[in-house]
Novice: 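Dumping the structure here so I can ask a few things about it.
Every number for a ligand or one of its atoms is a count from 1 in the order of the listing. Nothing fancy with the numbering, it's 1 onward along the sequence.
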Amino acid sequence: MKAIEFKKDIYWVGAIDWSLRSFHGYQTGRGATYNAYLILDEKVTLIDTVKKGFEPELLERISSIIDPAKIDYIISSHVEPDHSGGVPFMAKHCPNATIITSLPNGLKGLTAHYGELNYQGVKAGESLSIGKRTLQFVTTPMLHWPDSMVTYCPEEKILFSNDAFGQHFASTSRFDDEIDLPTVLWEAKKYYANILMPYGKQAQTAIKALSGIDIEMIATGHGISWRSHIPDILACYEKWSSYEVEDRAVVVFDSMWHSTETMAQTITEAFREKGIPAVYYDLKANELSDIMTDIFTSKYLAVGSPTINNQMMPTVAAFLCYLKGLAPKNHKAFAFGSYGWGGQSIGLVEDELKAAGCEICLDKIRVVNVPSKEFLAEITEKVKAI
Ligand code: FEO
């Protein structure tokens, strides 16, 4: 496995995790990469490492260019172990390397994870000369951990962006002009929706901080890097961090004996009749991370659950817990479902939608046992009247 040249004397030396299908619950249908970069200058610098277990791939790629013992600096942009897991391994193979991390949180986090190593903390705005090149550190706290930072090299006009602008996408291609752009943008949106959604304010601050910087390449921490479509991904981040929604609807449900399912179908069709594109997600057949990607930019959300043991179905509860944690904004929502007796689930769903920050746009729709044709027609009219 070899290094891939990004610019003269700047190489991608990361690892490709082709088989990853769950990143702590985020379904990674296309796998992932852990991107690391090697800069050959008077001071040889490695930007980030890889997830634990992938260190041999990192070492092999570095060794295709240079003896790893010659590395002077290891920049650790982010303590989360998908980037820093290889720090102790690399510290052993690079005995002269200083590990650069943000102050105070990067230093605290790395020490907590890996004990005492040769760390050097840097503050927001600090720079490091590595010879012909300078590395400027821009801290991006809570984007998405307290320690997060990005690194800009003005001589090369490269932003090493770590998690920002990345995607979980295993590929032998490294750049946005080597691969199907809509697919990469979809994966970037999925990454934002499932990892960065709660931090829109911090993303806006980071975008502002980067706005005066001349960027010719964004070397991401995951997936594909950007060089030909930088305005596209910046425009997406501007939109996503502002929580802009479109006139679209998402219908999410689980069902026991098809009554709630029939209601979900009717609601989906009613949105279509109203002129609003709608997507339909049965929680038994779909992944939360995919559903969330659609919800993120859709104005309307309908969530259905039958009542089981006086509760909503556990699949619906898990979905609502995930939704609430991601702190969505600007959604109009309502609850629906069928029940045999009791019927508590629909009210519970509505309560959780409110707790997740959604505005209730239609009173909860409940039906005993099986919805009649007439009841389904009423649902259609109610949805069309929203
Ligand atoms: Fe890719 Fe927050 O780690």
Novice: Distance alone, cut at 3.5 Å: any donor-acceptor contact between the side chains of Tyr37 and Asp48?
Specialist: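 The criterion, which ignores hydrogens and geometry beyond distance, is not satisfied for Asp48 and Tyr37.
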Novice: Measuring to atom 1 (Fe) of ligand 1, does Glu80 have an N/O/S atom at a distance below 2.8 Å?
Specialist: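 Short answer: no, not a single N, O or S atom is under the cut-off.
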Novice: Let me see the working for Asn35 and Thr220 under side-chain hydrogen bond (donor to acceptor under 3.5 Å, both in side chains), right down to the final yes or no.
Specialist: CA-CA 7 Å; Asn35 296 342; Thr220 60; 3.3 Å; yes
Novice: Using ring centroids (six-membered ring only for Trp), state whether Phe169 and His222 fall under 6.0 Å.
Specialist: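 Centroid separation for His222 and Phe169: 6.0 Å or greater.
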Novice: Can you tell me the N, O or S atom of Asp163 that's nearest atom 2 (Fe) of ligand 1?
Specialist: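 Closest N, O or S atom of Asp163 to atom 2 (Fe) of ligand 1: OD2.
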Novice: Give a yes or no on whether Asp82 keeps an N, O or S atom under 2.8 Å from atom 2 (Fe) of ligand 1.
Specialist: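 No - counting backbone and side chain alike, Asp82 has no N, O or S atom under 2.8 Å.
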Novice: How about His83: does one of its N, O or S atoms come closer than 2.8 Å to atom 2 (Fe) of ligand 1?
Specialist: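 Within the cut-off used here (under 2.8 Å), His83 places no N, O or S atom near atom 2 (Fe) of ligand 1.
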Novice: Is the distance between the ring centroids of Tyr281 and Phe319 under 6.0 Å?
Specialist: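 Aromatic pair excluded; centres sit 6.0 Å or further apart.
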